Chemist: 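Let me give you the structure first, and then I'll get to my questions.
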Amino acid sequence: MDGDFFESMYADAEDPWGFAERWYEERKYALTLAALPRRRYRCAFEPGGSVGVFTEMLARRCDRVVATDIVARALDTSAARLRRAGLADRVELRQSSLLATWPVERFDLIVLGEVLYYLDAEGLRTVAARAVDALEDGGTLIAVHWTHRVPDYPSTGTRVHDELARTPGLVPFASYADGDFRLDVLTRGAVPSVAAEEGLVSRPDSGAS
């Protein structure tokens with residue numbers, strides 16, 4: 001979908017999807033944060049960060065966040081939110097689309113939240129491949145998408161998550177689904193479970209019984 005669609009959404013409302021006010025969104029964000037396997041990340045990439053509601057939450061779990069959006073007004077709202085929270089120094093905001101050139105740096109966390117169903121099949125494969133290339137070994141990719149069909153969107157949340165699961169280099173780590181959205185955590189290469197990482201159980205390759 002082109003930028004005109006998103007520009008028109010923000011022309012009518014500062015927060016057109018109600019990210020800052022709906023319990024649906026608050027609950028989804030809480031589940032997303034809880035699903036992250038690491039307590040803290042070095043640097044996260046969040047394309048399509050919109051008005052910065054989840055960007056602010058990420059900044060509390062990450063040393064640095066790079067967040068993008070195609071709409072300048074959304075970035076302005078996000079910047080104001082981050083300044084109020086005292087987190088502006090941790091976040092770099094950039095105006096860019098999902099299919100534009102990605103940042104050259106590598107990340108240990110990539111968040112794809114409510115963005116992939118705007119892409120056609122070719123665009124989705126392109127973004128999935130870029131995500132693998134941008135992730136550090138052992139890094140986390142978390143994807144969260146509404147699964148109800150929206151006639152104007154090229155794809156659905158279910159389809160894009162199925163495509164991510166087929167992407168070479170990504171390994172499933174955890175998932176959650178209900179009647180409204182699907183959440184999948186994938187990693188670049190296999191990583192230990194949280195309990196194994198903390199020594200509560202033996203790692204699968206440790207040889208311990």
Side-chain angles (χ1 to χ4, degrees), residues 1-36 44-62 64-103 109-120 123-124 127 131 142-161 176-184:
M1 301 181 77
D2 61 29
D4 290 344
F5 169 82
F6 299 101
E7 290 283 356
S8 66
M9 294 294 294
Y10 288 98
D12 296 330
E14 183 177 83
D15 182 8
W17 285 278
F19 294 135
E21 61 189 31
R22 290 196 172 113
W23 164 240
Y24 168 82
E25 299 293 344
E26 183 180 343
R27 173 179 176 270
K28 182 184 67 177
Y29 294 149
L31 288 166
T32 303
L33 291 171
L36 293 174
F45 179 43
E46 183 196 16
S50 186
V51 296
V53 178
F54 192 66
T55 309
E56 178 185 342
M57 299 177 189
L58 276 179
R60 300 183 189 281
R61 292 276 296 269
C62 304
R64 179 170 175 261
V65 178
V66 177
T68 66
D69 202 273
I70 196 171
V71 180
R73 185 181 184 191
L75 292 171
D76 290 342
T77 303
S78 182
R81 181 186 307 279
L82 293 164
R83 286 194 298 269
R84 290 194 300 270
L87 296 167
D89 60 338
R90 291 191 191 176
V91 181
E92 182 179 351
L93 298 174
R94 303 177 184 175
Q95 186 171 3
S96 180
S97 73
L98 192 59
L99 287 173
T101 302
W102 278 30
L109 174 61
I110 294 176
V111 178
L112 299 173
E114 311 290 3
V115 292
L116 295 181
Y117 42 49
Y118 295 119
L119 303 176
D120 60 19
L124 175 58
V127 167
I142 190 161
V144 190
H145 290 84
W146 176 259
T147 50
H148 297 285
R149 177 65 177 160
V150 180
D152 291 339
Y153 296 176
S155 193
T156 66
T158 299
R159 288 176 187 168
V160 299
H161 281 244
Y176 170 83
D178 60 26
D180 296 319
F181 72 89
R182 178 169 164 182
L183 182 157
D184 283 295

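Since we're looking at a predicted model, the values are computed, not measured.
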Chemist: Could you grab the distance from atom CG of Leu36 to atom CD1 of Ile142, nearest 0.5 Å is fine?
Modeler: 4.5 Å
Chemist: Let me confirm one number: the OG1-CG distance from Thr32 to Leu58, rounded to the nearest 0.5 Å.
Modeler: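 The distance works out to 9.0 Å.
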Chemist: Are the side chain of His148 and the backbone of Gly179 linked by a donor-acceptor contact shorter than 3.5 Å?
Modeler: yes
Chemist: Would you say the ring centroid of Trp17 lies under 6.0 angstrom from that of Tyr24?
Modeler: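 Centroid separation for Trp17 and Tyr24: 6.0 Å or greater.
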Chemist: Quick one: does His145's side chain have a donor or acceptor within less than 3.5 Å of a partner on Val160's backbone?
Modeler: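 The answer is no, because no donor-acceptor pair under 3.5 Å joins these two groups.
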Chemist: OG1 of Thr68 to CD of Gln95: how many Å apart, nearest 0.5 Å?
Modeler: 10.0 Å
Chemist: How are the rings of Tyr153 and Tyr117 set relative to one another: parallel (under 30°), tilted (30 to 60°) or perpendicular (over 60°)?
Modeler: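 Parallel: the ring planes of Tyr153 and Tyr117 meet at under 30°.
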Chemist: Partners of Ala30 by side chain to side chain contact (heavy atoms under 4.5 Å, CB included), sequence neighbours excluded?
Modeler: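 Result, side chain to side chain contact (heavy atoms under 4.5 Å, CB included) vs Ala30: none returned.
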Chemist: What heavy-atom pair brings Cys62 and Leu109 nearest, and what distance separates the two atoms?
Modeler: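 Of all heavy-atom pairs spanning Cys62 and Leu109, the closest is SG-CD2, 4.1 Å.
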Chemist: Give me each pair satisfying side chain to side chain donor-acceptor pair (under 3.5 Å) with a member in residues 75-91, each pair once, sequence neighbours excluded.
Modeler: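 Every candidate side chain to side chain donor-acceptor pair (under 3.5 Å) pair involving residues 75-91 fails, so no pair, neighbours aside, qualifies.
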Chemist: Might you point out which heavy atoms bring Leu183 and Ala35 nearest each other, and give the distance in Å?
Modeler: CD2-CB, 3.8 Å
Chemist: Is there a donor-acceptor pair closer than 3.5 Å between any side-chain N or O of Glu25 and the backbone N or O of Ala20?
Modeler: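 No; judged by distance alone, with no hydrogens or angles, the pair does not exist.
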Chemist: Taking side chain to side chain donor-acceptor pair (under 3.5 Å) as the test, write out the residues that go with Asp69, two or more places apart.
Modeler: none
Chemist: List for me each residue that meets side chain to side chain contact (heavy atoms under 4.5 Å, CB included) alongside Asp178, sequence neighbours excluded, and say none if there are none.
Modeler: Arg27, Tyr176, Asp180, Phe181
Chemist: On a heavy-atom basis, which atom in Ala59 and which in Leu87 lie closest, and how many Å separate them?
Modeler: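 For Ala59 and Leu87, the tightest heavy-atom pair comes out as CB-CD1, 4.1 Å.
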Chemist: Provide the full list of ring-ring contact (aromatic ring centres under 6.0 Å, His included) pairs with a residue in residues 66-102, sequence neighbours left out, each pair given once.
Modeler: Phe45-Trp102
Chemist: What are the two closest heavy atoms between Val115 and Pro47, and how far apart are they?
Modeler: CG1-O, 3.8 Å
Chemist: Report the distance from atom CG of Asp120 to atom CG of Leu99, rounding to the nearest 0.5 Å.
Modeler: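 The CG atom of Asp120 sits 8.0 Å away from the CG atom of Leu99.
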Chemist: Considering all heavy atoms of both residues, which atom of Ile110 and which atom of Ala131 are nearest to each other, and what is their separation?
Modeler: CD1-O, 3.5 Å
Chemist: To the nearest 0.5 angstrom, please state how far the CZ atom of Arg182 sits from the CZ atom of Arg159.
Modeler: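 Result: 13.0 Å between the selected atoms.
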Chemist: My understanding is that only residues two or more places apart in sequence, or in another chain, count here; which of them pass side chain to side chain contact (heavy atoms under 4.5 Å, CB included) with Pro16?
Modeler: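 Pro16: side chain to side chain contact (heavy atoms under 4.5 Å, CB included) contacts with Met9, Tyr10, Ala13.
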Chemist: Please name all residues satisfying side chain to side chain contact (heavy atoms under 4.5 Å, CB included) with Glu92, sequence neighbours left out, ordered by chain then number.
Modeler: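 Glu92 satisfies side chain to side chain contact (heavy atoms under 4.5 Å, CB included) with Arg64, Val66, Arg94 only.
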Chemist: Mind running side-chain contact (heavy atoms from CB on, under 4.5 Å) on Leu98 and Tyr118 for me, showing each step along the way?
Modeler: CA-CA 10 Å; Leu98 192 59; Tyr118 295 119; over 6 Å; no
Chemist: May I have the step-by-step check of side-chain contact (heavy atoms from CB on, under 4.5 Å) for Leu93 and Leu82, ending in yes or no?
Modeler: CA-CA 10 Å; Leu93 298 174; Leu82 293 164; 4.2 Å; yes
Chemist: For the residue pair Ile70 and Ser97, what are the closest heavy atoms and their distance?
Modeler: CD1-CB, 3.7 Å
Chemist: With sequence neighbours excluded, give me every salt bridge (Lys or Arg N to Asp or Glu O under 4.0 Å) pair touching residues 44-62.
Modeler: Glu56-Arg60
